[in-house]
**Student:** 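Starting off with a structure, shown below.
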Amino acid sequence: NKPLCLLEYAHAMGNSPGNLQNLWDYVIDHPEFMGGYVWEFRSHGFEKINDDGTVDYLYGGDFHDTNHWTNFTLDGYCRSDGTPKPTFLELKYVFAPIRLDYENGKLRIHNIQSFLSTEGMLLETEVFCDGKIVSRKVEPMPKVEPMQKLTVNLNPEYSGYDCFLNLRIIKNDDIIAFKQFNLPSTCKKSPLKTSKIKANITQNADKISVIGDNFEVSFANGLLNLYRKNGKTYIDSPMKIMTYRAETDNDGIAGVFPRWIHEWEEARLHKMQFYSFENSVAQEQNCITVTSSGRMTYDYAYSGFYVDLVYSIYNDGLITTDMTVKPYGKMPCTKRDNLARGVVDDYTPRLPRFGVCFKLSKEFDTVKWFGRGVDQNYDDTVGAAPVGIYELPLSQMNFEFDVPQETGNRGDTRYAQVADKSSSFTVYGNDCFAFSYHPWKLDDLRTARHKSELKQDKANYLYIDYKMRALG
């Protein structure tokens, strides 16, 4: 019979937190919760201006101190300089005073304010289909009294495959609530159109080369290592299969709170490489198929992944890639107990990521994508990142935290394109994928402990992930 108040929840160290929406849904659905205080508004680093004019924020261990919790003081929704982190906007929409839900033509409005109605607010309704805004209108918000709910009919007209309903509530020119909902498809996805391919094929041991009328691709050790089209080289170093990311503070802090990083490193995820043991090439009518089977593993490791790769190369230089992966040996996992059934479910792997990385020229400094944005997002931070088409320079793609770590992911991506002034390199997903684009090497992002220590590399790195771990 007493109210409950959450204290120091949603701790915001580094690139975090995630799962705010699910937590707040629980609070709203259980009236005994009166709310709470997230931890916390701003990080507490000590400003240091370096000789070159760059600024770092110091924390435990930077003062010749030995008894400390490293960067535990850097736990705010704003960096130490007051810059809001990406999850601050997520928090705004999670805390929205008006909650929206939509299904089957019914819009449910829940006014969780204690004293104010929705009178004077505006409702913006926008339909986004297959990369275009097809309709938008703004009208007065239906009146809902404090702590009350209302259901109204809302049946937007649209036609397309990938469609969304965007709803914004506006008060005094400020968006105070936002929600995006998937709309059912009204058509099927168009099949890939192909034509007969003519190309020269050469194979020498594990090296395979395919040269067409206007393109050249080659593979070594089962991995794409050259892509050239119309005389321009886009890839000239091997594609890498990725199983690791730069650790977030929630992943763990070495020497203090190892959490997941202890198990990830014990499994050698940060050192795994792909080794092929069988490669072949076949000429088919409409494509050339390059197949590779091998393992992702590390020397003396008793765990890894069996990997089968199938590349299909078409007449215009398009390459489709299918990858089948099966883990073996001891993997980082969570054992889930189900006492009600009297059984223990087997181990489910918990990985930082699984995907590939392409090393690209610095000339590719503009990014365009169809997916969640415009800011970074992860599977548990999507409230402020609707699906849309976005374009940014690389310099604005990655948020730089006081302690460098994983950053800049965009999820639910349909395509990602990087471009220079005259050409572009595009990755399409048969299913949605996650991607990020970094000007730093992964190892440098992992080891730098202050922003000034993170130096840009001579190349850029495009990560295409089947899955990227959420923030937690």
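Just so you know, these numbers use all the heavy atoms, side chains as well, and skip hydrogens, waters and symmetry mates.
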**Student:** Thinking salt bridges, do K441 and D443 make one under a 4.0 Å N-O criterion?
**Tutor:**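 Judged by the 4.0 Å cut-off on N to carboxylate O distance, K441 and D443 do not form a salt bridge.
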**Student:** Check whether any side-chain N or O of D365 sits under 3.5 Å from a backbone N or O of L394 as a donor-acceptor pair, and report yes or no.
**Tutor:**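 It does not hold such a pair.
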**Student:** For residues F358 and Y227, establish whether the separation of their ring centroids is below 6.0 Å.
**Tutor:**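 Ring-ring flag for F358/Y227: false, centres at least 6.0 Å apart.
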**Student:** Is it the case that the ring center of F219 lies less than 6.0 angstrom away from the ring center of Y311?
**Tutor:**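 Ring centres of F219 and Y311 closer than 6.0 Å.
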**Student:** Quick one: salt bridge (charged side-chain N to carboxylate O under 4.0 Å, His left out) partners of K92, sequence neighbours excluded?
**Tutor:**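 Partners of K92 under the salt bridge (charged side-chain N to carboxylate O under 4.0 Å, His left out) test: D174.
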**Student:** Hey, which of D75, V38, T87 is the one that makes side-chain contact (heavy atoms from CB on, under 4.5 Å) with P17?
**Tutor:**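 Per the side-chain contact (heavy atoms from CB on, under 4.5 Å) rule, the option paired with P17 is T87, out of D75, V38, T87.
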**Student:** Looking at G408, is its backbone amide N or carbonyl O close enough to the side chain of R410 to form a donor-acceptor pair, meaning the two atoms are under 3.5 Å apart?
**Tutor:**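 Side chain of R410 to backbone of G408: a pair is present.
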**Student:** Take E263 and R350, measure what side chain to side chain contact (heavy atoms under 4.5 Å, CB included) needs, and give me the verdict at the end.
**Tutor:** CA-CA 10 Å; E263 293 192 41; R350 297 288 187 264; over 6 Å; no
**Student:** Ignoring hydrogens and geometry, is there a side-chain-to-backbone donor-acceptor pair from D402 to S80 under 3.5 Å?
**Tutor:**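 Yes, D402 side chain to S80 backbone: donor-acceptor pair under 3.5 Å.
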**Student:** Charged N to carboxylate O below 4.0 Å: is that the case for E363 and K421?
**Tutor:**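 No.
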**Student:** Please examine the side chains of T320 and Y314, heavy atoms only from C-beta on, and report whether any two atoms are closer than 4.5 Å.
**Tutor:**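 Heavy-atom side-chain distance check passes, below 4.5 Å.
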**Student:** Would you say K106 and N153 are linked by a side-chain donor-acceptor pair, where the criterion is simply a distance under 3.5 Å?
**Tutor:**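 On atom types as modelled, these side chains qualify, holding a pair under 3.5 Å.
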**Student:** Using side-chain heavy atoms (C-beta onward) and a distance below 4.5 Å, is L183 in contact with F128?
**Tutor:**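 In short, these two side chains do not touch, never coming nearer than 4.5 Å.
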**Student:** Examine R353 relative to Y463 and say whether NZ or CZ is less than 6.0 Å from the centre of the six-membered ring and inside a 45° cone about the ring axis.
**Tutor:**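 Ring-cation test returns yes.
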**Student:** Specify the closest pair of heavy atoms between I98 and A177, including all atoms of both residues, with the distance to one decimal.
**Tutor:**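 Distance-wise, the nearest heavy atoms are O-CB, 3.6 Å.
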**Student:** With heavy-atom distances below 4.5 Å as the criterion, would you say the side chains of M242 and L442 are in contact?
**Tutor:**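 Yes, at least one pair of side-chain atoms sits under 4.5 Å.
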**Student:** Could you check W69 against I253 for side chain to side chain contact (heavy atoms under 4.5 Å, CB included), going step by step and ending with a plain yes or no?
**Tutor:** CA-CA 9 Å; W69 280 10; I253 301 173; over 6 Å; no
**Student:** Give a yes or no on this: more than 12 heavy atoms of other residues, nucleotides or ligands lie within 6.0 Å of atom CD of E391.
**Tutor:**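 Yes.
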**Student:** Just by distance, do the side chain of S218 and the backbone of N225 share a donor-acceptor pair under 3.5 Å?
**Tutor:**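 Looks like no, no N/O pair under 3.5 Å.
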**Student:** Quick one: closest heavy-atom pair of M331 and S303, and the distance?
**Tutor:**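 Of all heavy-atom pairs spanning M331 and S303, the closest is CE-CB, 4.1 Å.
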**Student:** So does R108 get a backbone contact from the side chain of D101, meaning a donor-acceptor N/O pair under 3.5 Å?
**Tutor:**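 No, because the side chain of D101 does not come within donor-acceptor range (under 3.5 Å) of the backbone of R108.
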**Student:** Is I313 close to C287 at the side-chain level, that is, under 4.5 Å between some pair of heavy atoms?
**Tutor:**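 Result no, sub-4.5 Å side-chain heavy-atom pair not found.
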**Student:** Can you find a side-chain donor-acceptor pair between R228 and T233 that sits under 3.5 Å?
**Tutor:**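 Yes, because at least one side-chain N or O of R228 sits under 3.5 Å from a partner of the opposite role on T233.
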**Student:** Which atoms form the tightest heavy-atom contact between T381 and G18, and what is the distance?
**Tutor:**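 Looking at all heavy atoms of both residues, the closest pair is CG2-CA, 3.6 Å.
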**Student:** Quiz question: by atom type and distance under 3.5 Å, do the side chains of T248 and N250 form a donor-acceptor pair?
**Tutor:**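 N250 and T248 do not have a side-chain donor-acceptor pair below 3.5 Å.
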**Student:** Do you know which two heavy atoms are closest between W264 and H270, and how far apart they sit?
**Tutor:**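 Residues W264 and H270, closest heavy atoms: O-ND1, 4.4 Å.
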**Student:** Would you say NZ of K330 has more than 12 non-hydrogen atoms from neighbouring residues, nucleotides or ligands within 6.0 angstrom?
**Tutor:**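 Incorrect, the count does not exceed 12.
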**Student:** Measure from the side-chain N and O atoms of Q180 to the backbone N and O of V387, and report whether any donor-acceptor pair falls under 3.5 Å.
**Tutor:**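 Looks like yes, one N/O pair under 3.5 Å.
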**Student:** I'd like to check I241 versus F354 (side-chain heavy atoms, cut-off strictly below 4.5 Å). Are they in contact?
**Tutor:**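 I241 reaches F354 side chain to side chain.
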**Student:** Parallel, tilted or perpendicular for Y77 and F88, by the 30°/60° rule?
**Tutor:**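 The arrangement is tilted - the two ring planes meet at 30° to 60°.
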**Student:** Looking at N409, D412, D379, which hits side chain to side chain donor-acceptor pair (under 3.5 Å) with R372?
**Tutor:**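 By the side chain to side chain donor-acceptor pair (under 3.5 Å) criterion, R372 pairs with just one of N409, D412, D379: D412.
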**Student:** Measure from the side-chain N and O atoms of K85 to the backbone N and O of F401, and report whether any donor-acceptor pair falls under 3.5 Å.
**Tutor:**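 No, because the side chain of K85 does not come within donor-acceptor range (under 3.5 Å) of the backbone of F401.
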**Student:** Checking Y102 side chain against L154 main chain: does a donor-acceptor pair fall under 3.5 Å?
**Tutor:**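 Side chain of Y102 to backbone of L154, a donor-acceptor pair under 3.5 Å: yes, one is there.
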**Student:** Where do I201 and Q283 come nearest, in terms of heavy atoms and distance?
**Tutor:**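 In this case the closest contact between I201 and Q283 is CD1-OE1, 3.8 Å.
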**Student:** Do L351 and F305 touch side chain to side chain, with heavy atoms closer than 4.5 Å?
**Tutor:**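 In short, these two side chains touch, coming nearer than 4.5 Å.
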**Student:** Testing Y390, Y415, Y428, Y437 one by one against W369 for a ring pair (Phe, Tyr, Trp, His ring centres under 6.0 Å), which residue passes?
**Tutor:**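 Option passing the ring pair (Phe, Tyr, Trp, His ring centres under 6.0 Å) with W369: Y390.
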**Student:** Using every non-hydrogen atom in the two residues, find where T407 and N15 come nearest and quote the distance to one decimal.
**Tutor:**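 In terms of heavy atoms, the two residues are closest at CA-ND2, 4.0 Å.
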**Student:** Does the distance from a Lys or Arg side-chain N to an Asp or Glu carboxylate O, for D251 and R245, drop under 4.0 Å?
**Tutor:**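 Yes, this pair counts.
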**Student:** Fit a plane to each ring of F95 and W24, take the angle between them on a 0 to 90° scale, and name the class: parallel (under 30°), tilted (30 to 60°) or perpendicular (over 60°).
**Tutor:**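 Tilted.
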**Student:** Is it possible for you to check whether R449 lies under 6.0 Å from the centre of the six-membered ring of Y59, through NZ or CZ, and within 45° of that ring's axis?
**Tutor:**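 Judged by the rule, R449 and Y59 form no cation-pi pair.
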**Student:** Measuring only between side-chain heavy atoms, which start at C-beta, is S135 closer than 4.5 Å to E126?
**Tutor:**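 A side-chain contact is absent here, since even the closest heavy-atom pair is not under 4.5 Å.
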**Student:** Could you tell me whether the side chain of K362 and the main chain of D457 form a donor-acceptor pair under 3.5 Å?
**Tutor:**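 Judged by distance alone, yes, a pair lies under 3.5 Å.
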**Student:** Report yes or no: does D249 contribute a side-chain atom to a donor-acceptor pair with the main-chain N or O of G14 at less than 3.5 Å?
**Tutor:**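 Indeed, once roles are kept as given, a pair shorter than 3.5 Å links the two residues.
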